[in-house]
Amino acid sequence: MKEAPESLNFIEQIIEEDLANGFPQEKLRFRFPPEPNGYLHIGHAASICLNFGLGEKYNAPVNLRFDDTNPSKEEHEYVEAIKRDVAWMGFKWANECYASDYFQQLYDWAVQLIKDGKAYVDGQSSEAMAAQKGTPTTPGTNSPHRNQSVEENLDLFTRMKAGEFAPGTYVLRAKIDMASTNMHMRDPILYRIIDKAHHRSGTAWCIYPMYDWAHGESDYIEQVSHSLCTLEFKAHRELYDWYLDQIVDPAKLRPKQREFARRNLSYTVMSKRKLLELVQNKHVSGWDDPRMPTISGLRRRGYTPSAIRKFSDLAGIAKRDNVTDVSLLEFCIREDLNKIATRVMAVLDPVKLVITNYSEGKVEMLEAENNPEDPNSGTHEVPFSRELYIEREDFQEEASKKFFRLSLGSEVRLKSAYIIKAESVIKDSNGNIVEIHCTADLDSKSGTGTEASMRKVKGTLHWVSIAHAIQAEVREYDRLFLDESPDGHEDKNFLDFLNPDSLRVIPNAFCEPYLGKAGLQDKYQFQRLGYFTLDTDSKDGKLIFNKTVGLKDSWAKQNVTPEAKPQAPQPKQEQGKRSALNEIQQIGKKITNLSGEKLEAAKESIAQFAEEISYEELEPLFGTAAKKVGTRIAVAISLGVLLKNGQSRNEAINSFLEAAISDENEILREEAQKPG
RNA sequence: UGAUCCAUGGUGUAACUGGCAACACGUCUGAUUUUGGUUCAGAAGAGUCUAGGUUCGAGCCCUAGUGGAUCAACCA
């Protein structure tokens with residue numbers, strides 16, 4: 001058996017390498033370090049799955065650490081939301097940690113830095129410091145306070161902590177290198193004064209550590225072995241390491257930071273700042289609006305943890321910029337829901353259907369499969385009667401043979417019920433159909449095993465009995481933005497791309513009565529429509545369903561109007577020609593791998609295809625890179641054919657052949673000499 | 001104008017120390033189907049950004065370009 005080693009992402013490769021170099025596996029430790037200033041989104045899911053996935057894979061602890069070093073932006077509400085989301089995704093953290101728990105240790109280390117002459121208090125304005133910082137292309141200049149005495153720095157820093165100074169008046173800076181090409185090394189700030197109560201430490205502190213100072217040291221305190229973050233922190237790594245250098249005990253584990261590319265999803269935005277803007281400006285109903293790419297939004301919409309984990313798994317981890325197509329996410333949720341969702345019937349846009357040969361007042365309870373994918377899922381009852389609703393778009397008075405649904409004179413099956421035939425329609429004064437009259441084949445009842453019940457008909461429709469239907473509100477969602485990459489345009493604001501039709505509310509959908517017992521956790525498939533789940537806005541007596549995702553719909557696809565179709569059909573002749581050239585290139589690709597009869601056969605077929613192409617098509621290929629010998633051979637053969645057929649020599653031809661004749665490839669030389 | 005990172009089908013990722021570019025989504029056929037879903041069978045689509053070089057052999061190594069991203073918050 002051929003062993004197919006599962007391929008590792010580059011982070012896993014780094015860990016495997018460390019392990020191979022003697023790093024003890026039991027010391028592996030990871031962390032997921034969100035700042036509690038917003039809700040988690042599908043991009044965070046990548047990081048969560050990476051870190052916790054690594055924890056599961058190597059049986060290593062993973063901490064949930066809140067990077068709460070800035071009380072002016074952080075709130076307890078976010079802490080709770082984040083914990084809920086991570087837990088919902090099915091991960092268990094080893095410890096719940098807070099950077100704020102390390103404030104004293106961080107302060108003590110900072111004092112040590114001052115004593116070591118590695119940090120100083122700067123009392124300049126932020127503008128002055130920014131000016132001294134230089135730019136990425138020009139070095140900065142030293143602060144006038146850079147060489148203050150240790151005593152003075154200590155005194156100032158103590159008084160900063162004591163609350164003697166106003167916010168913005170003093171900062172503690174590391175003394176590194178104002179001329180570094182890395183901006184983060186130009187005497188970065190360790191502490192600033194913030195006059196705000198912290199969600200955990202309250203008013204115990206008025207100086208707060210900056211991210212860089214807190215993060216690496218927190219990793220060190222927790223003995224995190226691999227500190228994984230997104231690529232925008234790459235430039236911070238040098239500082240991360242510098243800070244560690246100042247305080248690390250060689251006997252203890254020294255964390256290392258590695259960076260991966262953040263995951264982007266098409267037709268949405270993935271920055272907390274922008275998501276917050278959507279929430280604050282009421283473009284959505286909140287962080288958990290089902291259109292949001294947040295974990296809580298996806299949950300409310302009906303996504304499952306396993307679908308999100310599958311998505312993270314399929315999307316992978318790498319270092320290049322990416323925009324993953326939402327269709328991958330949709331694939332993941334459909335795949336999961338197909339296995340678990342209970343099949344029911346609901347009509348969103350109803351038209352009345354009367355079965356004229358079915359007794360008035362008669363009601364039958366029919367049996368409907370809960371889930372054909374799961375033989376153990378059982379059945380439930382659906383009431384059937386003379387008057388039903390079907391979907392308006394499932395009926396056309398006259399239809400083409402491609403339309404598998406109901407039309408006058410044609411037969412369809414009503415799912416789990418009878419085969420019916422449309423006989424006539426009743427219209428209102430505007431010509432709108434208000435009723436469809438049909439007859440049922442009363443021997444064709446589903447599941448009876450009669451010959452009539454086994455008949456094959458073109459289509460199957462979903463329906464509900466009018467007398468028994470329960471009403472529900474249904475919310476259908478479309479992409480929040482109309483552009484694939486709404487924040488990818490320098491000249492335009494992402495809000496310009498908001499989709500005005502991202503929410504469609506159907507106030508009165510008709511559902512089969514079974515849905516009356518729906519609970520918030522239940523997943524349903526409204527047959528032929530899509531997957532639905534109860535929204536948290538639902539109350540007793542008021543059902544509200546969210547459409548999680550539609551079923552794949554190949555009918556809708558082939559039904560799009562010709563002008564809406566992406567590619568205009570090419571004229572036939574053109575296509576023929578193009579494919580001839582294409583064939584030549586295809587054969588050429590592999591020609592250097594061939595020999596003997598196969599080689600001769602390949603040359604022959606190139607020559608044949610060459611009969612169909614024009615010189616104008618071929619000429620661009622003269623510029624083919626020298627190393628692509630196969631293509632050049634194919635071009636030489638084709639050119640030979642064209643010349644034989646009367647193409648006259650020109651400079652381009654001559655220089656191409658000249659180069660070919662002096663090439664080191666024998667086949668190419670041979671073919672290039674033939675026309676001569 | 002500097003530093004750093006990245007570049008493989010439409011999209012996202014693979015290709016272990018160089019050996020005929022793979023997987024998934026998407027797209028398109030066909031079969032099955034009481035969901036135009038699912039399932040099954042199959043197809044198209046990439047010379048791995050460009051040009052050189054090393055090598056018997058390069059997506060992978062080297063050089064030079066090109067393109068994109070990131071970096072100058074008392075944010076993280």
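Values below: every heavy atom of this structure, side chains too, minus hydrogens, waters and symmetry copies.
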Applying ring-ring contact (aromatic ring centres under 6.0 Å, His included), name anything that partners [X], two or more places apart in sequence or on another chain.
{"X": "A/Phe526", "value": "A/Phe532, A/Phe545"}
{"X": "A/Phe32", "value": "none"}
{"X": "A/Tyr170", "value": "A/Phe165"}
{"X": "A/Phe260", "value": "none"}

Under 4.0 Å protein heavy-atom contact, by nucleotide of nucleotides 66-76 of chain B - B base, S sugar-phosphate only: --SS-SB-BBB
What's touching nucleotides 38-41 of chain B from the protein side, N or O pairs under 3.5 Å?
unit_1: B/rU38; atom_1: O2'; unit_2: A/Asn338; atom_2: ND2; d: 3.3
unit_1: B/rU38; atom_1: O2'; unit_2: A/Glu373; atom_2: OE1; d: 3.0
unit_1: B/rU38; atom_1: O2'; unit_2: A/Glu373; atom_2: OE2; d: 3.4

For [X], all residues meeting salt bridge (Lys or Arg N to Asp or Glu O under 4.0 Å), sequence neighbours excluded:
{"X": "A/Glu335", "answer": "A/Lys310"}
{"X": "A/Asp483", "answer": "none"}
{"X": "A/Asp487", "answer": "A/Lys274"}

Side chain A/Arg413 and base B/rU34 donor-acceptor under 3.5 Å: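 Such a pair is found, so the answer is yes.
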Polar pair under 3.5 Å, donor/acceptor by atom type, side chain A/Glu369, base B/rU34: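 Result: no qualifying N/O pair found.
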Short side-chain N/O contact to B/rA15 OP1/OP2 from A/Gln13, under 4.0 Å: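 It does, given that an N or O in the side chain of A/Gln13 lies less than 4.0 Å from OP1 or OP2 of B/rA15.
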Short side-chain N/O contact to B/rC28 OP1/OP2 from A/Lys557, under 4.0 Å: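 Yes, within the criterion.
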Watson-Crick and G-U pairing of RNA chain B written in dot-bracket, each distance under 3.5 angstrom, with | for inter-strand partners: .((((((..((((.....[..)))).(((((.......))))).....(((((..]....))))))))))).....
Given B/rA14, B/rG37, B/rG12, the nucleotide with the shortest approach to the side chain of A/Arg263: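 Among the listed nucleotides, the one closest to the side chain of A/Arg263 is B/rG12.
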Nearest-nucleotide pick for A/Lys234, side chain only, options being B/rU34, B/rC5, B/rG36: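 Nearest listed nucleotide: B/rC5.
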For nucleotides 30-33 of chain B, give me every protein contact, N/O to N/O, under 3.5 Å, one pair per line with atom names.
none

pi-stack flag for A/Phe331 and B/rG26, centroid dist under 5.5 Å, interplanar under 30°: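 Check failed, A/Phe331 does not stack on base of B/rG26.
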Sugar-phosphate only, base, or nothing, as touched by A/Phe403 at under 4.0 Å among non-hydrogen atoms: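 Since a base atom lies under 4.0 Å of A/Phe403, the category is base.
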Which residues share a side chain to side chain contact (heavy atoms under 4.5 Å, CB included) with A/Ala399, sequence neighbours left out: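 Listed in chain order: A/Gln396, A/Phe403, A/Ser407.
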A/Asp187 backbone acceptor or donor facing A/Arg173 side chain under 3.5 Å: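 Judged by distance alone, yes, a pair lies under 3.5 Å.
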